[in-house]
Protein chains: 2
Amino acid sequence: MADTPIEANSPMLLVLDRVANKWAVLAVSAVCNQPKRFNQLRRELGGISQKMLSQTLKRLERDGIVDRKVIATVPVTVEYSITPLGKTLALTVDQLRIWSEQNIEQILAAQARFDAAAEV
Amino acid sequence: MADTPIEANSPMLLVLDRVANKWAVLAVSAVCNQPKRFNQLRRELGGISQKMLSQTLKRLERDGIVDRKVIATVPVTVEYSITPLGKTLALTVDQLRIWSEQNIEQILAAQARFDAAAEV
DNA sequence: CAGGATCCTTTAAGATACTG
DNA sequence: CAGTATCTTAAAGGATCCTG
């Protein structure tokens, strides 16, 4: 890790602001292996509202993480896919997923200890 | 990345909820190399309010990411340091920092393209 | 020095209804 | 089907004052 403290508007924070939220991670992950349609994603991402999904996808598209392709069927179909840039991000985020899975027990144990110590 | 979509309460999301916010990342990063005191951290993390810092540190402590040590001086001193668990997390988060730095240009370029296309 | 408690403002998020 | 617009509610965040 870096010796220098992270500044308030570093690339890291800019990326975190976009990527480090539940729905963005879910969406990237869902789209990562094959293109998906809007409502298909909605169903796949459990409780997401269409507003949130719409927002999330638009942000990801703007950042060049996912690609949006309108197919002129009737009614219209829209396909979301991962970009090359998005793919590398997904790989990186996946590292965090692996860390999470490997350490979730330790975290939960720490929480339990903390809470036990707290309630006297 | 995983083929299976990330479920709504996976370890990943639990970790993201804690770790993937500006202040937590800043705090972990600030404490990563040597222990720091409360107000020392406050100064180092630019604009953080003491409420936010307090909240952030408490959460990180609860999760076993940082360690809190009260030193009985007068007035009292409190020292925050990284735990072994926190250290491995910092390493992982650092990967994301590296990705961010390497790809920030591409992201900004994508945003510029998107915005240019949007305003007609 | 290191915080807790309170109040108040701003932002995020969900529900609902409507459109090309 | 794939969204946008609007309204309302929930949560995050900041400012201020206070204490061991």
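Within every chain, numbering begins at 1; the chains are lettered A, B, ... in the order of the sequence lines, protein sequences first and strands thereafter.
- Distances shown here put every side-chain N or O of R37(B) at or beyond 4.0 Å from the OP1 or OP2 atom of dC1(C).
- Spacing between atom CD1 of I71(B) and atom P of dA2(C) amounts to 9 Å, rounded to whole angstrom units.
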Original post:
Would K69(A) and S81(A) satisfy side-chain contact (heavy atoms from CB on, under 4.5 Å), going step by step from the backbone distance to the final call?
Top reply: CA-CA 8 Å; K69(A) 185 177 171 190; S81(A) 56; over 6 Å; no

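- The nearest whole Å value for the distance from the CD atom in E79(A) to the C1' atom in dC1(D) is 13 Å.
- Remark: P of dC1(C) and CG of L57(B) are 16 Å apart, rounded to the nearest angstrom.
- Distance CZ (F38(B)) to P (dT19(D)): 18 Å, rounded to an integer number of Å.
- Taking atom NZ on K51(A) and atom P on dT9(D), their separation rounds to 14 Å, with Å as the unit.
- In this structure, the nucleotide among dC1(C), dG3(C), dG3(D) sitting nearest to the side chain of V78(A) is dG3(D).
- Between the P atom of dG3(C) and the CE atom of M52(B) lies a distance of 15 Å, rounded to the nearest Å.
- If you measure from atom CD of Q55(A) to atom P of dA13(C), you get 7 Å, rounded to the nearest angstrom.
- R42(A) comes within 4.0 angstrom of no nucleic acid atom, judged by non-hydrogen atoms across all strands.
- In terms of phosphate contacts, Y80(B) brings a side-chain nitrogen or oxygen within less than 4.0 Å of OP1 or OP2 of dG3(C).
- The residue among P75(B) and K58(B) whose nearest nucleotide of DNA chain C lies closer to the 5′ end is P75(B).
- When rounded to the nearest whole Å, the span between NZ of K22(B) and C1' of dA12(D) equals 13 Å.
- A 4.5 Å side-chain heavy-atom check between R43(B) and N39(B) finds at least one atom pair inside the cut-off.
- The minimum heavy-atom distance between L53(B) and F38(B), with the atom names listed, is CD2-O, 3.5 Å.
- A close approach under 4.0 Å does occur between a side-chain nitrogen or oxygen of S54(B) and OP1 or OP2 of dG4(C).
- For Q50(B), taking side-chain heavy atoms from C-beta onward, the closest of the listed nucleotides dG4(C), dG3(D), dA2(C) is dG4(C).
- Distances from the side chain of N39(A) to the nucleotides dG3(D), dA2(D), dG20(D) place dA2(D) closest.
- If you check dA2(C), dC1(D), dG14(C) against the side chain of S49(A), the one that comes closest is dG14(C).
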Original post:
salt bridge (Lys or Arg N to Asp or Glu O under 4.0 Å) between E79(A) and K36(A): does it pass, once the steps are laid out?
Top reply: CA-CA 5 Å; E79(A) 213 175 69; K36(A) 304 249 171 89; over 6 Å; no

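- When atom types are taken as modelled, the side chain of T83(B) and the backbone of G64(B) share a donor-acceptor pair closer than 3.5 angstrom.
- For W23(B), taking side-chain heavy atoms from C-beta onward, the closest of the listed nucleotides dG14(D), dC1(C), dC1(D) is dG14(D).
- In this structure, of dG3(C), dC1(D), dC1(C), it is dG3(C) that holds the atom nearest to the side chain of R68(B).
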